[in-house]
Amino acid sequence: MCFDKLISKFFWISAATLFGACNGNNSAQSQMTGTDLSLKDAYESFFPIGVSVSGSELVQEGALIKTQFNSITPVNAMKMVNIHPEEHIYNWKEADSIVAFAKRNEMKIRGHTLLWHRQLPDWLFRNPDGTRAPRQLVMQRLKDHITTVVSRYKKQVYAWDVVNEAISDNPNEFYRSDPLFQVCGEEYLDSAFAWAHTADPEAVLFYNDYNEYKPLKRARIIRLITTLRNRGIPVHAAGLQAHWSIYEPSALDLEQTLEDFRSAGIPIQITELDVSIFPKDPRSAAAVQADTSRAFTAEKQKLQSAQYEQVFRLLRKYRQNITGVTFWNITDRRTWLDNFPVHGRKDYPLLFDSNMKPKPAFRKVCRFDD
Ligand code: G3I
């Protein structure tokens, strides 16, 4: 080895030792989380890795969140019913605490979600006397809501899910027939994106939905975004929720999905990733067989690792068109899937187990050669 190389090797070893010795926190954290690997480091040159959180989880699971993720999304705190429970009352407490946590820890913040057919407050559609509010008033209220929330977090929340799940799963209707659509018509989508853009012209604005791996839903989402853009509406990207399972999507379906968004010129983020151990499509043979047991068996653990490995291999492949990947919930200790679609059926869809330790799937995601 030549002298120069020897010197640089010596310097590298000393710096690493020094850093390790000084960085007591890291080793305490790796003891707590059971790994030295980190998702955010493994994907540093690909895309930010995010997680959805509630305010209380920042205390209990703060160490894990900080070491593994570099982006954060409030799981419920920014939904209209929570952040804007009465017409003239905003409840900023939980959302502010999540934003403050993210800033302290230099994490990106995704806002979720400005308009969704669920978690809307009753007052939105009512006059003070309880009668039905006219369209014009509802639109004015939506404008006030979006303008106030986006303005408060201007330059802090870098991306917003502006409209969530507006498209129907019913082949016979395009838009979901929800109260927003029934009262305001499809123009509320144009307006929502325009209001958000006016409030924070730098924010990246998303249309967010699920089941993109199904061809009809995917085609509709691409059509909607393209149509809005052709009208000059600022829809910058699509959010693919990615509530998937160990059985679906297949590699073929997922690649086709990623390819279709890429070729339509629509950048994407994976916004709500989890891989349920139960099938999404109850009509498949695998589904029927798998549903006979609720246990997280060694076989399912294997399938989950393979599915996560495959998913991330494809996400890496399409990284040019993917600007972020966010997991929905932190560990298997608490996931919305424990109560959906079957109330009280425990699920295990994440990369960390109920003791916050990394699962075999975690290593498959973190360690790769490509
Ligand atoms: O606020 C009450 C709380 O006081 C009470 O202790 C608790 C007991 O069950 O219920 C609490 O509210 C629940 C809330 O989650 C917090 O746990 C709501 O009833 C429940 O409806 C709510 O579910 C959330 C759901 O959206 C509806 O808002 C899930 O946590 C959240 O993961 C889920 O996330 C959605 C995305 O926003 C959009 N895409 C689909 C995804 C899954 O449904």
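Both ligands and their constituent atoms are indexed starting at 1 by order of listing. Numbers here are sequence positions counted from 1.
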Which N/O atoms of ligand 1 sit under 3.5 Å from a protein N/O, and at what distances?
| unit_1 | atom_1 | unit_2 | atom_2 | d |
| --- | --- | --- | --- | --- |
| ligand 1 | 15 (O) | Asn76 | ND2 | 3.4 |
| ligand 1 | 26 (O) | Lys79 | NZ | 2.9 |
| ligand 1 | 28 (O) | Asn76 | OD1 | 3.4 |
| ligand 1 | 28 (O) | Lys79 | NZ | 3.1 |
| ligand 1 | 28 (O) | Gln119 | NE2 | 3.1 |
| ligand 1 | 30 (O) | Asn76 | ND2 | 3.0 |
| ligand 1 | 32 (O) | Trp328 | NE1 | 3.0 |
| ligand 1 | 34 (O) | Lys79 | NZ | 3.4 |
| ligand 1 | 34 (O) | Trp328 | NE1 | 3.1 |
| ligand 1 | 37 (O) | Lys79 | NZ | 2.7 |
| ligand 1 | 37 (O) | His112 | NE2 | 2.7 |
| ligand 1 | 39 (N) | Glu165 | OE2 | 3.2 |
| ligand 1 | 39 (N) | Gln241 | OE1 | 3.2 |
| ligand 1 | 39 (N) | Gln241 | NE2 | 3.4 |
| ligand 1 | 39 (N) | Glu272 | OE1 | 2.7 |
| ligand 1 | 39 (N) | Glu272 | OE2 | 3.3 |

*Are Arg345 and Phe278 in a cation-pi setup, meaning NZ or CZ lies under 6.0 angstrom from the ring centre and within 45 degrees of the ring axis?*
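Yes, a cation-pi geometry.
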
Which atom pair, heavy atoms only, marks the closest approach of Met107 to Ile72?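 Heavy-atom minimum between the residues: SD-CD1, 4.2 Å.
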
Check: Closest approach of Asp353 and Asn355, non-hydrogen atoms and distance?
Finding: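 Heavy atoms of Asp353 and Asn355 come nearest at OD1-N, 2.8 Å.
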
Using ring centroids (six-membered ring only for Trp), state whether Phe47 and Tyr318 fall under 6.0 Å.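 No.
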
### Query
With a 6.0 Å cut-off on ring centres, are Trp160 and His112 close enough?
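No, the ring of Trp160 stays outside the 6.0 Å limit from the ring of His112, centre to centre.
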
query: Tell me, do Arg176 and Glu165 make a side-chain contact under 4.5 Å, heavy atoms counted?
result: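 Arg176 reaches Glu165 side chain to side chain.
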
